[in-house]
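Just below is one structure, and these are the notes that go with it.
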Amino acid sequence: MTHRRKIIIDTDPGQDDAVALLLALSAPERLEVLGVTAVAGNVPLALTQRNARVICELAGSSVPVFAGCDAPLKRDLVTAEHVHGKTGLDGCDLPEPARPLRPEHAVEFIIETLRREAPGTVTLCPLGPLTNIATAFQRAPDVVGRVAEIVLMGGAYFEVGNITPAAEFNIYVDPEAAEIVFKSGVPLVVLPLDVTHKALTSRAWVEEMRSLGTPVGRAVAGWTDFFERFDTAKYGSEGAPLHDPCVIAYLLAPDLFSGRHINVEIEVNSPLTLGMTVADWWRVTDRPANALFLGDVDRDGLFRLFSDQIARL
Ligand code: RIB
Ligand code: CA
């Protein structure tokens, strides 16, 4: 009997978040999704919480969805409609969610869940800005030591930034929150752009999704078609980078990835490099290692995993 990992997915859907949620919900024998917490990021909170519910219902899941923070700890919200479209889920029209949002604030849900579940049994999977996680740690320091691991999409080093020349979007939106998380002492696994920019869809894979002939397959194809246009125009790459699905893929098949356990710190002061993840990849300092910072992925193995799992929904 394989061990079922308990996880909370913190997310700002976003087409790539949507594929990540579908992946997680496609493997109930491996992942017990205790809850989905929405945060402001790609689009405002009113949309990310709505999108999270739409996606969970598309997967046929009754997992509880909570709304969290609608703005970064200390800064104005920066969104990414230029990438994800006005709704955050452009590319596929889906009905309004039937199930309501849970009334508890997402931060309270995270705190209460960590206090209820046995220490070291819950993994946090942030796919957007780290505002909800940092707020939970600030409000309830006693839960920090109860977190098994944080496996997050964010940051960049050799790949440099995507929202500024120096910073990746999730970290840039709330650098103070990222600093709290990266200094928390919780074991971190970081899926940066260095990895996710290698997780590019192909025309053949998108058509494979469409040919599933299922509502999920059609949605994944529509979302990735829409999402691809931004990266193709910017990077000239064929294919959309499936950033957030790499987090779930790591949980299901960690051997697809490789990286280094190193020190990673967050720039929170410099206007020029705000939100940069300063990764000591060559270990030139004696700063303590606080993160498994991933640098490479078996792209074909990754997309075989995506195909196998999405076809199950
Ligand atoms: O920089 C990529 C990250 O920002 C992804 O999580 C994407 O969904 C956006 O949130
Ligand atoms: Ca995201």
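Ligands are counted one by one from 1 in listed order, and the atoms in each one are counted from 1 as well.
A donor atom on one side chain and an acceptor atom on the other are found under 3.5 Å apart for E208 and S307.
For the pair R218 and W223, the cation-pi test (distance below 6.0 Å, angle within 45°) is failed. Under the 6.0 Å distance and 45° angle rule, R299 counts as a cation-pi partner of F303.
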Dump all N/O pairs between ligand 1 and the protein below 3.5 Å as a table: atom names plus distance, one pair per row.
residue: ligand 1; atom: 1 (O); partner: N162; partner atom: ND2; Å: 2.8
residue: ligand 1; atom: 1 (O); partner: E168; partner atom: OE2; Å: 2.6
residue: ligand 1; atom: 4 (O); partner: N170; partner atom: OD1; Å: 3.1
residue: ligand 1; atom: 6 (O); partner: L127; partner atom: O; Å: 2.8
residue: ligand 1; atom: 6 (O); partner: N170; partner atom: ND2; Å: 3.0
residue: ligand 1; atom: 6 (O); partner: D244; partner atom: OD1; Å: 2.6
residue: ligand 1; atom: 6 (O); partner: D244; partner atom: OD2; Å: 3.0
residue: ligand 1; atom: 8 (O); partner: D16; partner atom: OD1; Å: 2.6
residue: ligand 1; atom: 8 (O); partner: D16; partner atom: OD2; Å: 3.1
residue: ligand 1; atom: 8 (O); partner: D17; partner atom: OD1; Å: 2.8
residue: ligand 1; atom: 8 (O); partner: N42; partner atom: ND2; Å: 3.1
residue: ligand 1; atom: 8 (O); partner: D244; partner atom: OD2; Å: 3.1
residue: ligand 1; atom: 10 (O); partner: D12; partner atom: OD1; Å: 3.3
residue: ligand 1; atom: 10 (O); partner: D12; partner atom: OD2; Å: 3.0
residue: ligand 1; atom: 10 (O); partner: N42; partner atom: OD1; Å: 3.2
residue: ligand 1; atom: 10 (O); partner: N42; partner atom: ND2; Å: 3.2
residue: ligand 1; atom: 10 (O); partner: N170; partner atom: OD1; Å: 2.8

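When the shell of 6.0 Å around CZ of F182 is examined, it contains more than 12 heavy atoms from other residues, nucleotides or ligands. Within 6.0 Å of the CG atom in D76, the count of heavy atoms belonging to other residues, nucleotides or ligands does not exceed 12.
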Pair E29-R312, salt bridge (Lys or Arg N to Asp or Glu O under 4.0 Å): steps then yes or no: CA-CA 12 Å; E29 77 287 355; R312 299 175 77 188; 3.1 Å; yes
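For F227 and H84, the ring centers sit closer than 6.0 Å to each other.
L191 places a side-chain heavy atom less than 4.5 Å from the side chain of V151.
Of the residues N162, D16, T196, the one that meets the side chain to side chain donor-acceptor pair (under 3.5 Å) test with H243 is T196.
Around the Ca ion (ligand 2), the protein contributes the following N, O or S atoms under 3.0 Å, ordered by chain and number: D12 OD1, D17 OD1, D17 OD2, L127 O, D244 OD2.
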